[in-house]
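Only one structure is covered here, and it is reproduced in the block below.
All residue numbers in this chain count up from 1 along the given sequence.
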Amino acid sequence: MLKALSLLPFAPILSAVSAVSATELPFSTVESSATPTPVVVSAPAPSLQARSPLVPAIEPTEEWLWQESAAAARGLTRSADRSIELANRSSSSTDPVPARSAPAGSAPTGSAPTASDLIALPNTEELPTTPTRLDTTQSQTVRPLPGQLDQVPVFNSNSPELIQKPGILLSTFPGEGMQVPSAHLNHPLQGRFDLFAHHVAKGINANDVRTLYLGIVIYNPSERPVRVEVRQGVTYLSQEAPFNNLPAYVANPMGTVFAGPGSRVMGDILRGESQPQWTNQINIPGKSAQLLVNVPIPLRRLTVAVDGTLPPGAIIPGLPVAAAQLNIANAIANANPALGTVALAANRSAERGTPPTSVPRTPTASNDRSLPINGRTILMRMSSNGPVYLASLAMYAPMTEKGEERVPTLAEWIQLLRTSDVSGPRDRQPTPPSTRFVPRFFYGRVSGVAQGSEWVARPTDKEGVDHLSIPEPGEALSYVISSVDRNTFGTGQIQSAPMLVRYPDTAYRAHGNYGVLYNITLPLRNNTDATQRVAIMMQTPLQDERLEGEGLRFRNPPYDQIFFRGTIRIRFTDDLGIRQTRYMHLVQRRGQQGDPLIRLTLPPNTERNVEVQLVYPPDSTPPQVITIETQPYNGLAVEPARSLQPDS
């Protein structure tokens, strides 16, 4: 059940009040290419085939097998020739290298190399290398996306992304009466608003499998009750949505295909789904707080619910002794650092049966094993009929006297809110947008209230015209998606949501527009006297402002870094006049040109609407483009030859 607690203007807690019904709610960012993607190391990811039976198996063609076999044969021949050369050279060499004694029965020095000698002397210099990548530029028109973000505020909690220190993630509470006033932004929310959170827990060392909790407190500062509605709410852990290795395009009609928690959360939101643990309506008495979210980000597999339905105070079983001792020592150290080091030493010494000694308070990371890591993404569409304050907080699960973990309570969260500073470690500070000359521009991560939940666009030829003419045969037209400072593909349009309030060391804008719904309608018209074949694509070009909207630069094959993973919905009327809705999960890498999502055949002087919708997912790197390409057509579907020219 949701707990209501009298907060008053941040005076001591006076009383606890029951609330109506229970709800316990459950990123990368532009720099994600340089940041390791959160991966759960505590348990293997489930099989993709088990999660997504719709993924087709791709069989190699006979031509491909022949080419691979021929290449392998050539490589072996070169290795053998090189090995014989090295063996002959060593037999006549005058270098003063001591000869190794040969085992009994072996061939004498200087004899012809045997098969075992050839295997023992591989020619690593001649082994196949990574494929040569070639930058190519395609001439095509690139335009800003019409429309704009709406005015809906978004509580955007994404910094610090990696959490290893308890504290405040984002607080819109006033700083008055708080121990650290600078940790609070004093910005109430009212009417329609969204809540987005994307954070990662990582162990201090390989034995650190404690349970980090993410809590979100909501407070009604007025005298009268406030009603809060949860229109949609979805959250997943990396354990529930592993980063599956997926093909570039996979049909996703049932929502069973995903790559990471951000991909899965945004896919569910796009479908209009909401998880059952969220209460549709919450009534908050005047001057009272409630616990909206109380969910774990565990560093081990838990045997209890992880969706926020475990009640406050409930025991979380399965904490190993080493992790329990670390938790106790850190808790003591927070109050008295000297006592913390002694307690940690005493715990370890008691286990070994030796006298306690002084040890460092913070354990060093282990190099022999990977550190435990897990992430969580949350997105909620909400509204209220009165002002409310929100705060997202992080703490490790409190300990019982028996050394067991338990779920934090509302009183503990409010105590943390009143006394704590911001959580850590802090992310890299962003580069001010007005900076002109810097070796590298850092976008930073978002922590604050952004403005904009949805971007509605209807591109047309020009103002006052209600259709979009398809390009000439062999040509293409693109519109930018989620463009950011210094990366607009030459259009000059920055789509990043502005920040209403933010912490000084976090992003100046909500780069990436994570959780924003892009709702694009393409009113396509064939103005020619011939039937045309049109393809709709999503692409991830290389950053290049020099082309000034007259082309896009790609790399073939693309870089290895994944820049987009998420589901797109396409609605259209097919060539048979049947209304279609398709969900497609895309994985695109940096510089990838992409393939058609759909192809349509447009008779002369006809129109057809195509709707493209996506909720931009975290763990992606913007920007991308939506492209309309007119392809050669002679009555049959013809795969066009790309007119890409290598860059000189």
Side-chain angles (χ1 to χ4, degrees), residues 27-37 133 135 137 142 144-145 149 154 156-162 169-170 182 185 198-200 422-452 478 480-514 516 539-555 558-564 588-592 616 618-625 647:
F27 178 186
S28 159
T29 170
V30 178
E31 298 170 358
S32 65
S33 61
T35 303
T37 304
R133 290 186 168 92
D135 282 8
T137 300
V142 185
L145 184 67
L149 285 167
V154 179
N156 193 320
S157 179
N158 186 215
S159 180
E161 183 184 43
L162 180 67
L169 301 171
L170 170 59
S182 61
L185 299 179
H198 181 75
H199 294 283
V200 175
V422 291
S423 177
R426 304 304 292 170
D427 292 315
R428 184 190 296 270
Q429 291 198 21
T431 304
S434 59
T435 305
R436 297 189 61 184
F437 303 106
V438 288
R440 182 178 176 186
F441 188 91
F442 292 99
Y443 293 91
R445 298 187 188 276
V446 180
S447 185
V449 179
Q451 182 174 278
S478 297
V480 293
I481 298 292
S482 196
S483 52
V484 298
D485 286 274
R486 307 193 181 205
N487 197 353
T488 69
F489 299 130
T491 65
Q493 182 187 44
I494 299 173
Q495 297 178 10
S496 302
M499 300 300 297
L500 301 176
V501 290
R502 50 176 282 273
Y503 292 108
D505 63 343
T506 62
Y508 287 89
R509 312 186 215 267
H511 301 295
N513 285 348
Y514 300 136
V516 168
Q539 301 176 303
T540 303
L542 298 173
Q543 178 180 2
D544 197 331
E545 296 295 289
R546 299 168 299 173
L547 298 175
E548 298 181 345
E550 296 181 357
L552 293 172
R553 192 161 58 92
F554 299 94
R555 175 152 288 203
Y559 288 97
D560 294 332
Q561 302 105 312
I562 294 176
F563 267 34
F564 184 89
Q588 289 202 342
R589 301 176 187 275
R590 180 185 174 205
Q592 186 167 347
Y616 200 90
D619 299 318
S620 295
T621 303
Q624 281 75 32
V625 296
D647 292 347

Restricting to non-hydrogen atoms, name the atom on [X] and the atom on [Y] that form the minimum distance, rounded to 0.1 Å.
X	Y	value
R553	D544	NE-OD2, 3.0 Å
R509	P433	NH2-CB, 3.8 Å
P160	P425	CB-O, 3.1 Å
A510	M499	N-SD, 3.8 Å
V422	R426	CB-NH1, 3.6 Å
F489	P541	CZ-CD, 3.7 Å

Go through N513 and L149 one step at a time and tell me if the side-chain contact (heavy atoms from CB on, under 4.5 Å) criterion holds. CA-CA 10 Å; N513 285 348; L149 285 167; 4.3 Å; yes
Inter-residue atom distance [X].[atom1] - [Y].[atom2], 0.5 Å rounding:
X	Y	atom1	atom2	answer
D505	R428	CG	CZ	13.0 Å
I562	Q592	CD1	CD	9.5 Å
R589	F563	CZ	CZ	11.5 Å
H511	S483	NE2	OG	11.0 Å
S447	L170	OG	CG	4.5 Å
N158	D427	CG	CG	7.5 Å

Apply side chain to side chain donor-acceptor pair (under 3.5 Å) to R555 and list each qualifying residue two or more places apart in sequence or on a separate chain.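 Listed in chain order: D135, Y559.
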side-chain contact (heavy atoms from CB on, under 4.5 Å) involving E545 - partner list, sequence neighbours excluded: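 By the side-chain contact (heavy atoms from CB on, under 4.5 Å) rule, E545 matches N487, T488.
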L145: what forms a side-chain contact (heavy atoms from CB on, under 4.5 Å) with it, not counting sequence neighbours?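 Partners of L145 under the side-chain contact (heavy atoms from CB on, under 4.5 Å) test: W455, A457, Y479, I481, Q493, Q495, Y518, I520.
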When you look at R590 and L542, which way does the side-chain contact (heavy atoms from CB on, under 4.5 Å) test go after all the steps? CA-CA 7 Å; R590 180 185 174 205; L542 298 173; 3.9 Å; yes
Walk me through it: do Y508 and R502 pass the test side-chain contact (heavy atoms from CB on, under 4.5 Å)? CA-CA 8 Å; Y508 287 89; R502 50 176 282 273; 3.8 Å; yes
Kindly indicate, with the supporting measurements, whether the criterion side-chain contact (heavy atoms from CB on, under 4.5 Å) is fulfilled by Y503 and L185. CA-CA 8 Å; Y503 292 108; L185 299 179; 3.8 Å; yes
Taking [X] for its side chain and [Y] for its backbone only, find out whether a donor-acceptor pair lies under 3.5 Å.
X	Y	value
D485	I494	no
T540	Q624	no
S482	G512	yes

Can you tell if the side chain of V142 reaches within under 4.5 Å of the side chain of V480, non-hydrogen atoms only?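 A side-chain contact exists here, since the closest heavy-atom pair is under 4.5 Å.
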